[in-house]
Enquirer: 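Take this structure first; my questions come after.
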Amino acid sequence: MAGSPSIHVFWHEGMLNHDTGYGVFDTGEDPGFLDVLDKHPENSDRIKNMVSILKRGPLSPFITWHSGRHALLSELHSFHHQDYVNELVEADKNGGKVMCCGTFLNPGSWDVSLLAAGTTLSAMKHVLEGQGNIAYALVRPPGHHAQPTRADGYCFLNNAGLAVHLALNSGCEKVAVVDIDVHHGNGTAEGFYMSNKVLTISLHMDHGSWGPSHPQSGSIDELGEGQGYGYNLNIPLPNGTGNRGYEYAMKTLVVPAIQKFEPHMIVLVVGQDSSAFDPNGRQCLTMDGYWKIGQIISELAKKYSSGSLLIVQEGGYHVTYSAYCLHATLEGILNLSPPLISDPLDSYPEDEAFSVKVIDFIKKYEDENVPFLKV
């Protein structure tokens, strides 16, 4: 399709080699009284479907494929502390380690983690060098829970955080990160908590802290510290928030913040675990909701970053529907309408009334407490 917009997808089959195993949900444990155990939610099947829907689905003419690469250890130090990187290297040498609940560095996992990080860096470099406006790092394991000094939530290295540092070190003065994974993007927030050069916005279900590996609550009062005060915006949404609630949150909270911040680069951290029936989420987004989010982000990128946009893959654990929702997100980013694929859940019910009340409350809180929004 000559002249059509294109999304540059960065991918490497080696990322299928992270084996997360079986157990009761994500525990890795066999209680001894079940005949059939779950695959760990963060398994390779979910990514295989994302790759295949982009290669063989109706969006394929709009996709340009690029091979990923491994990150160098030296590249990791922009976001992660040396001692933590050493811990991961040592764990790999010793045959693996349980980093925290549900997060297993198994044989081969470290190599795949480096591949995910390097592939994301390559995608960002592609955009920074003007080789394409929109790049999508189709990577696993995910990264947005990985903090500078610890693993968390299936994540070892913060892929998006590393890419943000690359942008800053390449001359971008301000970067905005919008995270729509169903879980709080605590690792990315932690990494830039004292920076006024990076605006981190996380829309997530209101799950709170889940233990030592995730001490952050994701609440609205976690606004940053020092120079970074006001540049970390959490949007904890009620369980069951659907398409209309998410669209309202985007327009009421995200768009005004981006307009005030005026970033030179936008990073969309995308997880399809906000979708209906995802085993790890309690939200009700369908393809329509993801399409609208994609469209809104695309319009913001066109206005503030000359169309430059990096998309980084995070969660999404319904093996089939996650691929559908990814497809819809990219359709929205390209502003393709009507949809190229019909939604198998297009009649999923939702009631946005309570979500709107919560979002209005967050808006009032931010207006009163975030300095840069008052300018």
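Everything numeric here is computed off the predicted structure, so don't read it as measured data.
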Enquirer: Under a 4.5 Å cut-off applied to non-hydrogen side-chain atoms, are Arg46 and Ser322 in contact?
Expert: no
Enquirer: Report yes if some heavy atom in the side chain of Met50 is under 4.5 Å from a heavy atom in the side chain of Ile47; otherwise report no.
Expert: yes
Enquirer: Decide side chain to side chain donor-acceptor pair (under 3.5 Å) for Thr188 and Thr200; before the verdict, give the C-alpha distance in whole Å, the side-chain angles of both, and the deciding distance to 0.1 Å.
Expert: CA-CA 7 Å; Thr188 315; Thr200 52; over 6 Å; no
Enquirer: Measuring only between side-chain heavy atoms, which start at C-beta, is Leu157 closer than 4.5 Å to Leu114?
Expert: yes
Enquirer: Check for a donor-acceptor pair, side chain of Arg244 on one end and backbone N or O of Ser355 on the other, with a separation under 3.5 Å.
Expert: no
Enquirer: Would you sort out whether Gln313 and Tyr136 count as a side chain to side chain donor-acceptor pair (under 3.5 Å), showing the intermediate values?
Expert: CA-CA 8 Å; Gln313 182 61 45; Tyr136 168 41; 2.7 Å; yes
Enquirer: Step by step, work out the side chain to side chain donor-acceptor pair (under 3.5 Å) result for Asp26 and His40.
Expert: CA-CA 5 Å; Asp26 65 0; His40 190 287; 5.0 Å; no
Enquirer: If we ignore angles and hydrogens, is there a donor and acceptor under 3.5 Å between the side chains of Asp343 and Tyr321?
Expert: yes
Enquirer: Starting at CD1 of Ile258, measure out to CD1 of Ile296 and round the result to the nearest 0.5 Å.
Expert: 11.5 Å
Enquirer: Residues in side chain to side chain donor-acceptor pair (under 3.5 Å) with Asn234, at least two apart?
Expert: His184, Glu222
Enquirer: Which pairs, with at least one residue in residues 151-173 and sequence neighbours excluded, count as a salt bridge (charged side-chain N to carboxylate O under 4.0 Å, His left out)?
Expert: none
Enquirer: Where do Asn280 and Phe25 land on the side chain to side chain contact (heavy atoms under 4.5 Å, CB included) test, with the steps shown first?
Expert: CA-CA 10 Å; Asn280 261 24; Phe25 194 59; 2.5 Å; yes
Enquirer: Looking at every heavy atom in both Phe79 and Pro148, which two are closest together, and how far apart are they?
Expert: O-CB, 3.4 Å
Enquirer: Taking Glu366 for its side chain and Ile220 for its backbone only, find out whether a donor-acceptor pair lies under 3.5 Å.
Expert: no
Enquirer: Under a 3.5 Å cutoff, is there a donor and acceptor pairing between the side chains of Ser209 and His214?
Expert: no
Enquirer: Side chains of Leu128 and Cys172: closer than 4.5 Å at any heavy-atom pair?
Expert: yes
Enquirer: Enumerate the salt bridge (charged side-chain N to carboxylate O under 4.0 Å, His left out) contacts for residues 72-96, please, sequence neighbours excluded, ordered by first and then second residue.
Expert: Arg69-Glu75, Glu87-Lys97
Enquirer: Taking atom CD as the centre, does Gln131 end up with more than 12 heavy-atom neighbours from other residues, nucleotides or ligands that are less than 6.0 angstrom away?
Expert: yes
Enquirer: So which atom in Gly240 and which in Gln283 form the shortest heavy-atom distance, rounded to 0.1 Å?
Expert: N-OE1, 2.7 Å
Enquirer: Relative to each other, are the rings of His207 and His183 parallel, tilted or perpendicular (30° and 60° limits)?
Expert: tilted
Enquirer: Strictly distance-based, threshold 3.5 Å: is any side-chain N or O of Thr20 a donor or acceptor partner for the main-chain N or O of Glu42?
Expert: yes
Enquirer: Spell out, yes or no, whether Val175 and Leu121 are grouped together once hydrophobic residues are joined by side-chain heavy atoms under 4.5 Å, including indirect joins.
Expert: yes
Enquirer: Please lay out, stage by stage, how Tyr229 and Asn369 fare under the test side chain to side chain contact (heavy atoms under 4.5 Å, CB included).
Expert: CA-CA 10 Å; Tyr229 182 80; Asn369 292 278; 4.2 Å; yes
Enquirer: Is the Tyr324 to His318 ring centre distance short of 6.0 Å?
Expert: no
Enquirer: Any chance you could lay out the side chain to side chain contact (heavy atoms under 4.5 Å, CB included) test for Leu326 and Leu330, step after step, and finish with the verdict?
Expert: CA-CA 6 Å; Leu326 166 64; Leu330 300 186; 4.0 Å; yes
Enquirer: Indicate yes or no: at least one non-hydrogen side-chain atom of Asp111 is less than 4.5 angstrom from one of Asn17.
Expert: no
Enquirer: Answer yes if the ring centres of Tyr231 and Phe372 are under 6.0 angstrom apart, and no otherwise.
Expert: yes
Enquirer: Donor-acceptor check, side chain of Ser298 to backbone of Gln295, threshold 3.5 angstrom: yes or no?
Expert: no
Enquirer: Tell me whether Glu13 at atom CD has more than 12 heavy atoms from other residues, nucleotides or ligands lying less than 6.0 Å away.
Expert: no
Enquirer: Given Phe192, which partner from the list Val198, Val177, Leu199 fulfils the side-chain contact (heavy atoms from CB on, under 4.5 Å) test?
Expert: Val198
Enquirer: Please answer: with hydrophobic residues joined when any side-chain heavy atoms are less than 4.5 Å apart, are Ile266 and Val255 in the same cluster?
Expert: yes
Enquirer: If only atom types and distance count, is the side chain of His66 paired as donor or acceptor with the main-chain N or O of Trp11 below 3.5 Å?
Expert: no
Enquirer: Going from NE2 on His8 to CD1 on Ile311, what distance comes out if it is rounded to the nearest 0.5 angstrom?
Expert: 11.0 Å
Enquirer: Heavy-atom count around Lys125 NZ within 6.0 Å, excluding the residue itself: above 12?
Expert: no
Enquirer: Could you tell me whether the side chain of Phe354 reaches within less than 4.5 Å of the side chain of Ile359, counting heavy atoms only?
Expert: no
Enquirer: Ignoring hydrogens and angles, tell me if any N or O in the side chain of Thr119 forms a donor-acceptor pair with the backbone of Ala116 under 3.5 Å.
Expert: no
Enquirer: For Met15, is there any backbone N or O sitting under 3.5 Å from a side-chain donor or acceptor partner on Arg140?
Expert: yes
Enquirer: For Lys374, does the NZ atom sit with more than 12 other heavy atoms under 6.0 Å from it, leaving out its own atoms?
Expert: yes
Enquirer: Between Glu314 and Gly143 (side chain of the first, backbone of the second, donor and acceptor by atom type, cut-off under 3.5 Å), is there such a pair?
Expert: yes
Enquirer: State yes or no: do Tyr154 and Leu37 share one hydrophobic cluster built from I, L, V, M, F, W and Y residues joined by side-chain heavy-atom distances below 4.5 Å, directly or via other members?
Expert: no
Enquirer: Thr286 vs Asp288, test: side chain to side chain donor-acceptor pair (under 3.5 Å). Steps then yes/no.
Expert: CA-CA 5 Å; Thr286 66; Asp288 283 345; 4.9 Å; no
Enquirer: Between Asn232 and Tyr193 (side chain of the first, backbone of the second, donor and acceptor by atom type, cut-off under 3.5 Å), is there such a pair?
Expert: no
Enquirer: Is the shortest heavy-atom distance from the side chain of Leu309 to the side chain of Ile297 under 4.5 Å?
Expert: yes
Enquirer: For residues 300-307, please give each side-chain donor-acceptor pair under 3.5 Å, one per line with the distance, not counting sequence neighbours.
Expert:
unit_1, atom_1, unit_2, atom_2, d
Ser305, OG, Ala301, O, 3.0
Ser305, OG, Ser308, O, 2.7

Enquirer: Do Val356 and Tyr365 belong to the same hydrophobic cluster, where Ile, Leu, Val, Met, Phe, Trp and Tyr are linked whenever their side-chain heavy atoms lie under 4.5 Å apart, directly or via other members?
Expert: yes
Enquirer: Return yes if some donor-acceptor pair links the side-chain N/O of Glu225 with the main-chain N/O of Ser195 below 3.5 Å, else return no.
Expert: no
Enquirer: Please determine whether residues Val319 and Leu345 belong to a single hydrophobic cluster, defined as Ile, Leu, Val, Met, Phe, Trp and Tyr linked transitively by side-chain heavy-atom distances below 4.5 Å.
Expert: no
Enquirer: With sequence neighbours left out, write down each residue that passes side chain to side chain donor-acceptor pair (under 3.5 Å) with Asp19, or none if nothing qualifies.
Expert: none
Enquirer: Heavy atoms, side chains only, cut-off 4.5 Å: are Lys292 and Lys251 in contact?
Expert: yes
Enquirer: Taking only residues at least two apart or on different chains, which pairs with a member in residues 184-195 satisfy salt bridge (charged side-chain N to carboxylate O under 4.0 Å, His left out)?
Expert: none
Enquirer: Rounded to the nearest 0.5 Å, what separation is found between the NE2 atom of His70 and the OG atom of Ser122?
Expert: 11.5 Å
Enquirer: When rounded to the nearest 0.5 angstrom, what distance separates OG in Ser202 from CD1 in Ile235?
Expert: 8.0 Å
Enquirer: For this output row, return yes or no: ring centroids of Phe104 and His18 closer than 6.0 angstrom.
Expert: no
